[in-house]
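This is a predicted model, so every value here is computed, not measured. In what follows, chains carry the letters A, B, and so on, assigned in the order in which the sequence lines appear, proteins first and then strands, with residues in each chain numbered from 1.
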Amino acid sequence: MRQDELFALVDCNNFYAACERVFAPELEGKPIGILSNNDGIIVALSDELKQLGINRGVPLFKIKDQIRKYDIRIFSSNYTLYGDMSSRVMKILSRFTPDFEIYSIDEAFLRLSEFRHLDLTAYARKIKHVVHQWTGLPVSIGIGPTKTLAKLANHVAKRRKDLAGVFDLTDHPRKDNILASIDVKRVWGVGPQYAKLLHRNGFHNVLQLAGAPRKWIKKKMTVVGLRTVLELNGTSCIDLEQDLDPKKEIVSSKSFGQPVTELKDLQEAVNSYCIRAAQKLREEKQVTGQIMVYVTTNRFKNEPQYANYEFYKLPLPTAYTPDLLQAAARILKNIYRRGYKYKKVGVMLSEISPEVNIPPDLFTPTYLDDRRRVIMACMDAINHKMGMNKLTYAGVGTVQNWKMKREMLTPHYTTRWQDLPIVKA
DNA sequence: TCTGGGGTCCTAGGACCC
DNA sequence: TCTGGGGTCCTAGGACCC
């Protein structure tokens with residue numbers, strides 16, 4: 001716990017919508033919505049779209065009328081584009097301090113404790129300016145003595161237009177008034193459930209939450225909630241996480257573009273997610289000791305429902321795709337029931353550990369010491385060079401009835417030569 | 001017709017052991 | 001009538017994040 005820290009949270013405004021806009025300037029001023037996988041719900045909105053009263057999470061089909069009426073521009077999510085723009089932003093931020101944490105695709109925490117002699121608001125304005133100039137993306141920056149307060153300052157920076165996107169909450173003369181004007185649900189770490197609980201018990205604004213009895217908070221919101229309250233009071237409990245620690249589980253799952261009933265189609269989808277999960281595993285130089293597969297029908301539909309899952313412990317930790325495909329196929333056969341319309345299947349790898357830690361086995365060759373690892377490395381190298389899944393397994397099928405919907409996808413402007421934008425003189 | 005995907009952390013409670 | 005106690009490990013579930 002420390003009292004003398006200073007953090008900035010840099011957050012790209014409406015990141016996905018802004019990325020689309022960078023390469024299609026005619027979208028300036030237009031309401032924009034970005035869809036989830038399968039084009040199901042709105043996951044990101046431009047300010048113009050928010051002003052129309054549309055919220056994150058609303059299903060596309062529910063706003064069809066408004067789309068026509070207000071000329072709303074809708075896009076499928078283009079993660080290749082967003083990922084590439086994100087790494088550009090992060091690279092720029094790293095020039096301003098080596099002491100920073102990439103928190104999500106569009107956010108980073110910067111430790112500014114060593115910069116306290118500077119005018120931090122001016123410094124943040126400069127960061128904002130450079131990011132915008134070099135990438136075309138607008139960001140907001142909040143500054144505070146803890147990560148939680150920096151997040152909150154960022155919220156204020158976004159909401160109040162007079163601040164021009166930068167706000168420093170540290171030692172602010174009107175800090176209490178500001179905290180008192182913000183609902184607890186805006187606090188990092190307070191989700192819908194805890195917000196309800198807090199409201200029920202008379203804690204409505206952030207100032208009230210900061211003054212809540214610590215014992216009660218710990219009892220009702222565990223140590224996580226307690227940390228949040230301490231952070232609101234200026235005691236830093238959540239440090240930067242710089243060395244990205246290896247993942248503890250890897251999940252690959254997607255809803256289907258249309259209902260799937262046949263085991264064969266489910267099997268293809270499971271195979272394809274399995275292959276993807278195994279690739280991620282090897283990228284991190286990890287092996288897995290346990291695989292889980294689950295299936296579920298569409299819970300929103302008024303038709304027979306079924307959901308099930310099963311774990312399988314692998315005899316030895318592995319990252320060899322065929323091992324996982326075999327295990328997954330066996331699980332799927334166990335849990336599949338004929339007669340249901342399936343909406344989604346998923347694969348989860350857990351008990352993940354670094355490949356160098358595989359225990360030596362006297363009798364069975366492990367993933368490390370036989371040729372399986374070499375084969376995987378070859379496949380990964382080829383796919384990396386030639387494009388995703390140029391080389392794959394017959395098990396993923398060729399028809400792919402389950403494939404997800406992406407009907408409104410923009411080009412891969414930054415990562416595919418043939419999609420490069422053309423400048424007309 | 002159409003409702004996302006991928007993560008993390010914490011706790012309670014059961015199983016098991018001595 | 002009496003029927004321990006404590007430690008550890010595991011898992012499921014609930015909360016959160018973007």
Side-chain angles (χ1 to χ4, degrees), chain A residues 9-12 14-16 33-45 54-65 67 74 76-79 82-83 86 101-109 147-148 151 154-155 184-198 217-228 237-238 241 244-259 269 273 276-277 280-281 284 289-290 292 294 296-303 309-311 313 341 343-352 404-408:
Chain A
L9 176 71
V10 182
D11 185 330
C12 299
N14 310 324
F15 182 57
Y16 297 172
I34 314 297
L35 300 172
S36 62
N37 292 321
N38 268 316
D39 295 345
I41 61 170
I42 305 266
V43 293
L45 308 77
I54 289 169
N55 293 318
R56 182 178 199 276
V58 64
L60 179 61
F61 69 89
K62 285 196 178 166
I63 55 165
K64 281 283 187 220
D65 291 346
I67 290 176
I74 297 290
S76 303
S77 39
N78 184 343
Y79 285 102
Y82 312 149
S86 172
E101 168 194 348
I102 298 173
Y103 176 66
S104 73
I105 192 164
D106 71 329
E107 283 170 78
F109 285 104
K147 281 172 137 184
T148 304
K151 268 263 191 190
N154 189 282
H155 169 74
V184 289
K185 70 180 178 199
R186 302 290 171 201
V187 173
W188 189 42
V190 178
Q193 300 307 314
Y194 285 155
K196 254 190 256 168
L197 172 83
L198 290 167
I217 293 288
K218 168 130 196 259
K219 191 170 152 215
K220 297 286 190 179
M221 297 169 65
T222 80
V223 293
V224 182
L226 182 59
R227 274 201 282 267
T228 299
C237 312
I238 308 169
E241 288 172 30
L244 354 137
D245 28 28
K247 288 192 174 59
K248 292 174 181 156
E249 54 191 36
I250 292 174
V251 178
S252 182
S253 72
K254 273 178 201 69
S255 303
F256 300 132
Q258 52 195 339
Y273 303 155
R276 179 73 199 115
K280 285 198 225 168
L281 191 63
E284 302 210 1
Q290 181 167 263
M292 182 267 256
Y294 68 90
T296 171
T297 49
N298 188 344
R299 67 197 150 96
F300 291 103
K301 287 216 170 169
N302 190 17
E303 53 188 39
Y309 65 88
E310 208 171 86
F311 287 95
K313 277 220 196 288
K341 293 181 182 165
K343 176 63 181 168
K344 185 176 177 183
V345 301
V347 173
M348 180 170 102
L349 307 180
S350 49
E351 296 194 354
I352 288 175
M404 71 168 171
K405 253 185 357 194
R406 279 170 108 190
E407 287 170 350
M408 289 159 276

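At most 12 heavy atoms of other shown residues, nucleotides or ligands fall within 6.0 angstrom of atom NZ in A/Lys185.
The residue A/Ile250 sits close only to the backbone: its heavy atoms come under 4.0 Å of sugar-phosphate atoms, none of a base. Counting non-hydrogen atoms under 4.0 angstrom, A/Val347 reaches nothing in the nucleic acid. Counting any heavy atom pair closer than 4.0 Å across all strands shown, A/Lys196 reaches no nucleic acid atom. Residue contacts shown for A/Lys220 are absent, as no nucleic acid heavy atom lies under 4.0 Å away. Contacts of A/Val190 with the nucleic acid, taken as non-hydrogen atoms under 4.0 Å apart, involve only primed sugar atoms and P, OP1 or OP2. No contact: A/Ser77 has no heavy atom under 4.0 Å from any strand. Residue A/Leu60 is classed as having no contact, given no heavy-atom separation below 4.0 Å to the nucleic acid. Among the protein residues, A/Glu107 comes within range of the sugar-phosphate backbone only, with heavy atoms under 4.0 Å from sugar or phosphate atoms but none that close to a base. Within the 4.0 angstrom heavy-atom criterion, only backbone atoms of the sugar-phosphate kind lie near A/Lys343; the bases stay farther away. Among the protein residues, A/Asp106 comes within range of the sugar-phosphate backbone only, with heavy atoms under 4.0 Å from sugar or phosphate atoms but none that close to a base. Residue A/Arg56 is classed as a base contact, given a heavy-atom separation below 4.0 Å to a base.
Classification of A/Glu351 and A/Lys248 as a salt-bridged pair fails, no side-chain N sitting under 4.0 Å from a carboxylate O.
Residue A/Lys301 places no side-chain N or O under 4.0 Å from the OP1 or OP2 atom of B/dT3. Proximity of A/Lys151 to the phosphate of C/dC18: a side-chain N or O atom is located under 4.0 Å from OP1 or OP2. In this model, the phosphate group of B/dG6 is approached by a side-chain N or O of A/Ser253 to a distance below 4.0 Å at OP1 or OP2.
Rounded to a whole Å, the CD1 atom of A/Ile352 is 13 Å from the C1' atom of B/dT8. Rounded to an integer number of Å, the gap from A/Asn302 CG to B/dC2 C1' is 16 Å. Counting to the nearest Å, the C1' atom of C/dC18 and the CG atom of A/Asn154 are 14 Å from each other. One can place CZ of A/Arg406 at 12 Å from P of B/dG5, the figure rounded to the nearest angstrom. At whole-Å resolution of the value, CD in A/Glu249 and P in C/dC10 are 16 Å apart. Look at CD on A/Gln290: it is 6 Å from P on C/dT11, rounded to the nearest Å. B/dG7 atom P lies 17 Å from atom CD of A/Glu101, rounded to whole Å. In this structure, CE of A/Met292 is placed 12 Å from C1' of C/dT11, rounded to the nearest angstrom.
With B/dG4, C/dA15, B/dG5 as the choices, the nucleotide that has an atom nearest any side-chain atom of A/Tyr79 turns out to be B/dG4. Among the nucleotides C/dA12, B/dT3, C/dC18, the one closest to the side chain of A/Phe311 is C/dA12. Out of C/dG13, B/dC10, B/dG5, the shortest distance to the side chain of A/Asn37 is found at B/dG5. Proximity note for A/Pro192 (side chain, C-beta onward) versus B/dG6, C/dC18, C/dC16: the nearest is C/dC16. Nearest to the side-chain atoms of A/Val223 among the listed nucleotides B/dT3, B/dG6, B/dT11 stands B/dT11. Nearest nucleotide to the A/Ser252 side chain, out of C/dC16, B/dG5, B/dG6: B/dG6. Picking from B/dG7, B/dT1, B/dC10 the nucleotide with the shortest atom distance to the side chain of A/Val251 gives B/dG7. Counting only heavy atoms from C-beta on, A/Tyr309 has its side chain closest to C/dA12 among B/dG5, C/dA12, B/dT3. Taking the side chain of A/Lys247 as heavy atoms from C-beta on, and the options B/dG5, B/dT3, B/dG7, the nearest nucleotide is B/dG7. Residue A/Trp188 places its side chain closer to C/dC17 than to any other of C/dC17, B/dT3, C/dA12.
For the pair A/Ser36 and A/Glu241, nearest-nucleotide mapping onto DNA chain B gives the more 5' position to A/Ser36. Residue A/Phe61 is the one, among A/Phe61 and A/Val224, whose nearest nucleotide of DNA chain B lies closer to the 5' end (criterion: closest heavy atom).
Base pairing analysis places B/dC18 opposite C/dG5; the two distances defining the Watson-Crick or G-U wobble pair are each below 3.5 Å.
Nucleotides B/dC17 and C/dG4 have their C1' atoms positioned 14 Å apart, rounded to a whole Å.
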Chi angles and distances behind the side-chain contact (heavy atoms from CB on, under 4.5 Å) call for A/Leu35, A/Met408
CA-CA 9 Å; A/Leu35 300 172; A/Met408 289 159 276; 3.6 Å; yes
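Looking only at distances, no side-chain donor or acceptor of A/Ser86 sits under 3.5 Å from a matching main-chain atom of A/Asp106. A/Asp11 places no side-chain N or O within donor-acceptor distance of the main-chain N or O of A/Glu107, the cut-off being under 3.5 Å.
Checked against a 6.0 Å centroid threshold, the rings of A/Trp188 and A/Phe109 count as neighbours.
Heavy-atom minimum distance, A/Ile217 versus A/Leu226: CG2-N, 3.7 Å.
Side-chain N/O atoms of A/Tyr294 and A/Ser253 include a donor and acceptor closer than 3.5 Å.
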